[in-house]
Amino acid sequence: MKNKEDKKTLNAIHERDIEDFLEKLGIKEDFNNNKIKCKFCDAIVNKENIYSLFRESGAIKLVCDNPKCINKMMIYIEEKKKKNND
Amino acid sequence: MLNFLLGSGATALVILYLLLKYPDSVEKYVSNIAWFVSFICNRADYIAIKKEVQGKINSFVNNLHIETTATNFTKVKIEWANKNEKERVDFEDYETIIVMRDRKSRNKNFTHAAYFYTSEVLLSRSKKYLSPNQKKSLDLFTTKKILDTQNKASIEEFMNNYFIPSIENQGVKDYIIQYKNIEEVGLFFPVLIQELTYLGNKAILSNKNRKEEIIKEVKNLISFLKKFAEREVGDYNIQDTFSGTLTRCSIKIVASRQSREQNNIIPQKERICRAVNSGCENIYVIGSAQKENRKFVDSVVRRILEEKGNLKKEKELKFEGQVTIKGEKITTETYFIHLHNPENVKHLI
């Protein structure tokens, strides 16, 4: 999404706001109980290793900070966006 | 009282001037102050992170605008997803939110943001047509450049976690080696990134069959630039023109010492005009940045522009690059002029 100054907006969340944010998204309890796995590997995502989050068909997906998963996420998101644009 | 008002007015004017003239540098200074304040009030790190990422990435983008033409590279703006006034939980599918951490992870924050920026934003139009290895290698090489120039402290984190694991892929590694050679002579951003930007603007509505063709063309362009970068000074047999379906460019060296001393403008001018006549869209004129040579290059270019009214002088710059003399690499200042012929632009529709 580009804003009016023609800048790309990079959405960010501070680690100290994660719990509040996940509560609003309805997944705080699962997150705190270590029930959410990384979208791209089987690692449990917690406050220490969370890298990013995105929606997929409405559901919230979390990604851990393993560089392999970050790379996979970049490719995955790009392909999905491309498909949606097609 | 009057003195005080005049003083504060002047200060305000200076601050306003700096804000308008160098907004990205000002952001970097603000981030340093905010990081310092965050020792006392940890919530200052919201400002520190935001200003640091914006200031440094956007300074890099400003440098891209100095080194290239053709396109406005998009700048970046950080938006906190959970800040009271702009709270957003309704983000769209595949709209990504990245997690930033406190000052202990300052380098990690910047690495994540820079890599995210190059992957998502830089050359986004061109990358649609590139192979995964071409994309990946460009992202890695460009992110390294951002960190090298803006945040050296992040390099180790980036190299260990992203760069080194990624070059285990031989295809990515091969491209990176070629970029390194091209960068050493100073042509990575002014020519390669420039040409890829043009290519992204030209490859409109290309179907999948054409994608393969574009991937091959980019591979050949990179190989052409790499070979050119490795040329020995005085070797005029090396290919200096690249003719693809979408990319047609030529790099012309002006001039030999003999030509310059004899003020032999005509042969140099004709050599470049032949490249224009053969359909080249971009001509990159390069030579030594020594005063005498610069004057000579300017005279040649002036004569070309007089003769070819459709040709535009897009950019003129000086940069440090390496030249090879008898196998030895020597750092020298290069003078560079980019000439563009809009009449030779072909779109792929």
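We name chains A, B, ... by the order of the sequence lines, and we start the count at 1 in each one.
Smallest separation of non-hydrogen atoms from B/N161 and A/P67: O-CB, 2.9 Å.
Shown here is B/K127, whose NZ atom has more than 12 heavy atoms of other residues, nucleotides or ligands within 6.0 Å. By the 6.0 Å contact criterion, NZ on A/K28 is enclosed, its count of non-hydrogen atoms from other residues, nucleotides or ligands being greater than 12. The number of heavy atoms from other shown groups lying within 6.0 Å of CD (A/E29) does not exceed 12. Open room surrounds NZ on B/K219; 12 or fewer heavy atoms of other groups in view lie less than 6.0 Å from it. Remark: A/E56 CD is packed, more than 12 non-hydrogen atoms of other residues, nucleotides or ligands lying under 6.0 Å away.
Heavy-atom pairs under 4.5 Å with chain A peak, among B/K135, B/K128, B/K108, at B/K135. With chain B as partner, the option from A/I18, A/I13, A/N66, A/L53 having the largest number of non-hydrogen pairs under 4.5 angstrom is A/I13.
In this structure, chain A has no heavy atom under 4.5 Å from any part of B/D139. With a 4.5 angstrom heavy-atom cutoff, A/D65 touches chain B only via side-chain atoms. Interface remark: B/S124 contributes no atoms to any contact with chain A (heavy atom separation under 4.5 Å). The part of B/K136 that comes within reach of chain A is its side chain, from C-beta onward, which places non-hydrogen atoms under 4.5 angstrom from that chain. Within the 4.5 angstrom heavy-atom criterion, atoms from both the backbone and the side chain of B/V76 approach chain A. With a 4.5 angstrom heavy-atom cutoff, B/N42 touches chain A via backbone and side-chain atoms both.
Note that CZ of B/R101 is 5.0 Å distant from CD of A/E15, once rounded to the nearest 0.5 Å. The OH atom of B/Y94 sits 11.0 Å away from the NZ atom of A/K81 when rounded to the nearest 0.5 Å. Between atom CD1 of residue B/I97 and atom CZ of residue A/F21 there is a gap of 3.5 Å, rounded to the nearest 0.5 Å. From A/I60, atom CD1 reaches atom CZ of B/F91 across 4.0 Å, with rounding to the nearest 0.5 Å.
Within residues 70-78 of chain A, the residues having any heavy atom less than 4.5 Å from a heavy atom of chain B are, in residue-number order, A/I70, A/N71, A/M73, A/M74, A/Y76, A/I77, A/E78. Close approach to chain B, defined as a heavy atom under 4.5 Å from one of its heavy atoms, is seen in A/K47, A/E48, A/N49, A/I50, A/Y51 of residues 38-51 of chain A, taken by number.
The pair A/K8-B/E120 meets the salt-bridge criterion, with a side-chain N (NZ, NE, NH1 or NH2) lying under 4.0 Å from an Asp/Glu carboxylate O.
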For this session: Show your reasoning for whether side-chain contact (heavy atoms from CB on, under 4.5 Å) applies to A/R16 and B/D45.
Result: CA-CA 11 Å; A/R16 70 172 75 97; B/D45 65 3; 2.9 Å; yes
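Within the 4.5 Å cutoff, the side chain of A/F54 has no heavy atoms near those of the B/I98 side chain. Between B/E79 and A/L10, every side-chain heavy-atom pair lies at or beyond the 4.5 Å cut-off. Side-chain atoms of B/W80 and A/H14, non-hydrogen and from C-beta on, do get closer than 4.5 Å to each other. Residues B/Y162 and A/K68 have side chains not in contact (no heavy-atom distance under 4.5 Å, counting atoms from C-beta outward).
Remark: side-chain polar atoms of A/N11 are not paired, donor with acceptor, to backbone N or O of B/A81 under 3.5 angstrom.
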